[in-house]
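As structure tokens, the structure follows; a few thoughts come after it.
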Amino acid sequence: MPFDFAQHERKGGPRAVTMKNTLVEALHVLAGLVAAVAITWTAAWSYPLGWDVIWWCGLGAMVATLLMGIGPLRRAWMQDKAAR
């Protein structure tokens with residue numbers, strides 16, 4: 001049976017400082033970056049003549065992933081900060 005942190009806190013144990021929401025959002029951004037790299041690498045491998053253009057497009061997708069992840073990451077961080 002996995003350890004239940006919520007039940008541990010209810011029993012009067014020390015309140016753990018968690019950044020659960022922030023960690024989840026950061027992992028989502030990381031997963032998006034890994035997917036973008038994998039797709040870009042596969043596309044560049046399959047069409048070597050367009051290698052440079054494909055990698056520039058992939059880089060644009062990676063930058064967009066980072067920029068789109070900033071808002072949710074900040075909201076999650078504020079939620080975690082308010083929960084402490």
Side-chain angles (χ1 to χ4, degrees):
M1 182 168 155
F3 186 74
D4 184 10
F5 286 100
Q7 185 177 5
H8 181 67
E9 288 180 14
R10 283 192 296 267
K11 290 183 178 178
R15 184 165 185 228
V17 177
T18 61
M19 298 293 281
K20 181 180 175 186
N21 295 330
T22 304
L23 179 62
V24 168
E25 288 299 330
L27 289 175
H28 278 102
V29 171
L30 181 64
L33 291 174
V34 168
V37 168
I39 291 169
T40 302
W41 183 85
T42 304
W45 170 81
S46 68
Y47 188 66
L49 293 175
W51 185 87
D52 55 341
V53 174
I54 291 170
W55 274 105
W56 278 111
C57 291
L59 181 63
M62 292 173 222
V63 168
T65 301
L66 285 173
L67 292 176
M68 288 188 294
I70 290 173
L73 194 58
R74 288 183 65 214
R75 277 193 298 276
W77 182 66
M78 293 304 278
Q79 287 175 350
D80 287 337
K81 189 176 171 184
R84 281 193 240 161

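What's counted below: heavy atoms across the whole structure, side chains too, no hydrogens, waters or symmetry copies.
Connection of W51 to V37 is established within a shared hydrophobic cluster, with ILVMFWY side chains joined at heavy-atom distances below 4.5 Å, either directly or through further cluster members. Hydrophobic clustering, with ILVMFWY side chains joined whenever heavy atoms are under 4.5 angstrom apart, keeps L30 apart from M19.
By the 4.5 Å heavy-atom criterion applied to side chains, M62 and T40 are counted as neighbours. Considering only heavy atoms from C-beta on, L59 comes within 4.5 Å of W56 through its side chain. At a threshold of 4.5 Å between non-hydrogen side-chain atoms, the residues W55 and W41 count as touching.
Taking all atoms of both residues into account, the shortest heavy-atom contact from D80 to K20 is OD2-N, 3.7 Å. Taking each heavy atom of V29 and G69 in turn, the nearest pair found is CG2-CA, 3.8 Å.
Once rounded to the nearest 0.5 Å, the distance linking CG of D52 with SG of C57 reads 9.5 Å. T22 contributes atom OG1, which lies 10.5 Å from atom CE of M78 (distance to the nearest 0.5 angstrom). Here the NE2-CG distance, from H28 to L23, works out to 10.5 Å after rounding to the nearest 0.5 Å. With rounding to the nearest 0.5 angstrom, the CG atom of L49 is 9.0 Å from the CD1 atom of I54.
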